[in-house]
Amino acid sequence: MRTELQRPRGTQDVLPPESWKVEGLRQVALTVARRYGFEPVETPIFEQSAVFLRVGEHTDIVQHERYTFRDAGGVELTLRPEGTAAVARAYVENGLQAWPKPVRLCYFGPMFRRERPQAGRFRQHTQFGAELYGSESPLADAEVILLALAVVEAAGLADPEVRVNSIGCERCRPRYREALVGYFAARREALCPDCQVRLERNPLRLLDCKVDVAVRAEAPDLADYWCDDCRAHFAAVEAAVASAGRRVERDPHLVRGLDYYTRTVFEVGHPSLGAGVALFGGGRYDGLVASLDGPTVPAVGFGMGIERLLGALGDRLAVTAPTPLYVGHLPGYAEEAFRLAEWLRNQGVAAESDLLGRSVRAQLKDAARRTRWAVLVGGREWEAGQVVVRDLGQGTQAPWPKERLLEWEGVAAARLAVGVPWAEPKAAPDLR
RNA sequence: GUGGAUGUAGCUCAGUUGGUUAGAGCACCAGGUUGUGGCCCUGGGGGUCGGGGGUUCAAGUCCCCUCAUUCACCCCA
């Protein structure tokens with residue numbers, strides 16, 4: 001294999017049937033999001049670098065993991081490492097503050113981070129995300145959390161459990177940070193090397209260190225420093241999520257990497273992904289839009305890792321590729337088969353005919369690999385106004401009148417199902 | 001960015017202390033059956049042994065570098 005012609009490190013080629021699963025998840029996500037009133041938004045996969053720098057100047061993601069380049073005009077561009085900043089930019093640029101509040105947007109697409117690849121982590125990955133602008137109500141936080149859970153559950157994951165926390169607001173967080181730094185600075189000698197760095201650069205991160213568990217156990221708790229508003233907000237979020245019948249648990253050590261979060265942060269993990277690897281994560285970011293020179297607009301949102309969701313689902317995702325109808329031909333009838341296949345497609349039926357000039361034997365062998373239903377064109381039956389319909393699963397066949405072909409069960413099965421049966425709603429709990 | 005493991009055909013792998021033209025199974029293509037798949041039989045295509053350098057009469061095998069994959073840390077979806 002020529003190394004310079006291999007796909008870039010940390011990227012993937014997604015082939016059928018796996019690619020159908022990604023498409024299935026996209027439809028699940030968008031269908032469920034629509035139930036919550038979220039509408040899809042598309043933004044470029046690259047932005048001017050300033051968009052991300054403005055919003056995350058202290059985060060690893062924009063500091064060390066950016067894919068940045070200059071185009072021929074000298075403009076510095078960055079492949080988007082996350083969706084929130086990009087959608088917020090679009091919100092400001094298109095004047096969405098003039099839209100009726102709240103504004104609910106969602107997206108599904110690739111993100112780029114130059115990290116060292118490992119299980120569940122790629123340099124290009126796909127995120128489904130949702131952003132809700134214009135409400136500072138705890139019900140907005142709850143709605144977004146419920147949406148994320150509903151998507152995960154609709155995809156087939158049972159009983160996900162969210163961990164939530166509040167990192168306070170600009171009024172209470174500085175006091176907490178001070179207390180935290182004081183606590184850890186006094187124990188600097190006992191900290192792991194990573195934490196000694198965190199102490200300087202990102203003190204909140206000290207909370208979720210896996211090494212210094214004993215030291216952090218005694219650390220000051222955010223909850224003791226919340227202002228009255230933050231306390232009430234957090235309690236209301238917890239209550240609203242729980243009232244919808246979802247399991248929530250406060251994780252006092254949960255903090256998140258992007259530094260635009262205010263108050264609520266949350267994430268959901270999964271046993272198959274290992275500790276600290278999130279299926280989705282998000283939170284409230286009331287200051288983000290303003291930091292992009294927009295109006296002061298409160299917002300909440302989340303991002304969900306599609307590859308991780310796929311991994312957690314394993315074989316449970318019941319997405320199947322459409323089974324086409326194979327239109328085979330007897331010697332001398334290739335053109336008739338070609339035309340019949342095209343006629344069927346125009347009736348909404350998925351149909352394939354032989355393009356390799358194969359023998360009947362080879363056609364059937366090929367057909368059996370691809371699908372379950374075949375019709376054969378040619379010979380006595382064709383001349384008598386019939387085709388031969390064959391069930392490749394059963395190995396049975398019979399003549400069938402051409403003009404009634406659409407009534408055959410194999411054709412019905414091959415009719416392209418455009419719906420998303422796997423995203424049908426579950427029975428709802430009683431309304432109280 | 002740090003540390004470990006692994007690279008032989010599309011896939012899963014064999015290849016003896018270094019020794020001729022590098023093998024198997026599955027998959028793929030064709031034929032056995034000029035109108036019929038799955039089993040079976042015959043034949044075929046497909047490899048610069050990840051890449052480069054070195055040691056040697058001789059390297060898939062030993063040494064060095066590099067690239068990639070993978071796992072963990074960091075961080076995150």
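Letters A, B, ... mirror the listed sequences (proteins, then strands); counts begin at 1. Computed from a predicted structure; not experimentally measured. The analysis underlying the following values was restricted to heavy atoms, covering all of them including side chains, and did not include hydrogens, waters or symmetry mates.
- The ring of A:His64 does not lie on top of the base of B:G1; it is either too far (5.5 Å or more) or too tilted (30° or more).
- For A:Arg116, the side-chain atoms get nearest to B:A72 when compared with the rest of B:A72, B:G37, B:U36.
- Look at the P atom in both B:U56 and B:U61: the space between them is 16 Å, to the nearest Å.
- Rounded to whole Å, the separation between the C1' atoms of B:G46 and B:C26 comes to 14 Å.
- In this structure, A:Trp226 and A:His233 have side chains that are not in contact, with every pair of non-hydrogen atoms separated by 4.5 Å or more.
- Side-chain N/O atoms of A:Arg361 and base N/O atoms of B:G32 include a donor-acceptor pair closer than 3.5 Å.
- Side-chain nitrogen and oxygen atoms of A:Arg369 include at least one within less than 4.0 Å of the OP1 or OP2 phosphate oxygen of B:C29.
- The side chain of A:Gln118 places an N or O atom within less than 4.0 Å of a non-bridging phosphate oxygen (OP1 or OP2) of B:C73.
- A donor-acceptor contact under 3.5 Å is not formed by the side chain of A:Arg9 with the base of B:U69.
- Distance noted for atom P between B:U21 and B:U36: 46 Å (whole Å).
- The residues A:Arg26 and A:Glu23 are annotated as salt-bridged, a charged nitrogen and a carboxylate oxygen being separated by less than 4.0 angstrom.
- In terms of phosphate contacts, A:Arg205 brings no side-chain nitrogen or oxygen within less than 4.0 Å of OP1 or OP2 of B:C74.
- Rounded to whole angstrom, the span from the CG atom of A:Leu330 across to the C1' atom of B:U34 amounts to 12 Å.
- Among the nucleotides B:G1, B:C75, B:G37, the one closest to any side-chain atom of A:Arg114 is B:G1.
- A 6.0 Å sphere centred on OH of A:Tyr183 holds more than 12 heavy atoms belonging to other residues, nucleotides or ligands.
- Comparing B:C74, B:G31, B:C67 by their closest approach to the side chain of A:Ser359 singles out B:G31.
- Taking a pair to require two hydrogen-bonding distances under 3.5 Å in either a Watson-Crick or a G-U wobble arrangement, B:A58 remains unpaired.
- Under the 3.5 Å distance criterion, with hydrogens and angles disregarded, a donor-acceptor pair is assigned to the side chains of A:Ser49 and A:Glu76.
- A gap of 23 Å separates the P atoms of B:G10 and B:C71, to the nearest Å.
- For A:Leu376, counting side-chain heavy atoms from C-beta on, the closest listed nucleotide (B:C29, B:U36, B:A77) is B:U36.
- Using the Watson-Crick or G-U wobble rule with both distances under 3.5 Å, B:A5 pairs with B:U69.
- Considering only side-chain atoms of A:Ala119, the nucleotide from B:C29, B:A77, B:C71 that sits closest is B:C71.
- Figure legend. B:G46 is base-paired to no nucleotide; pairs are counted as Watson-Crick or G-U wobble with both atom distances under 3.5 Å.
- The base of B:C75 has none of its N or O atoms less than 3.5 Å from a complementary donor or acceptor on the side chain of A:Arg113.
- Taking a cutoff of 4.0 Å between a charged side-chain nitrogen and a carboxylate oxygen, A:Arg247 and A:Asp159 qualify as a salt bridge.
- Contact annotation: A:Arg358 side-chain N/O to B:C29 OP1/OP2 distance is under 4.0 Å.
- A distance of about 11 Å separates the P atoms of B:A9 and B:G47, rounded to the whole Å.
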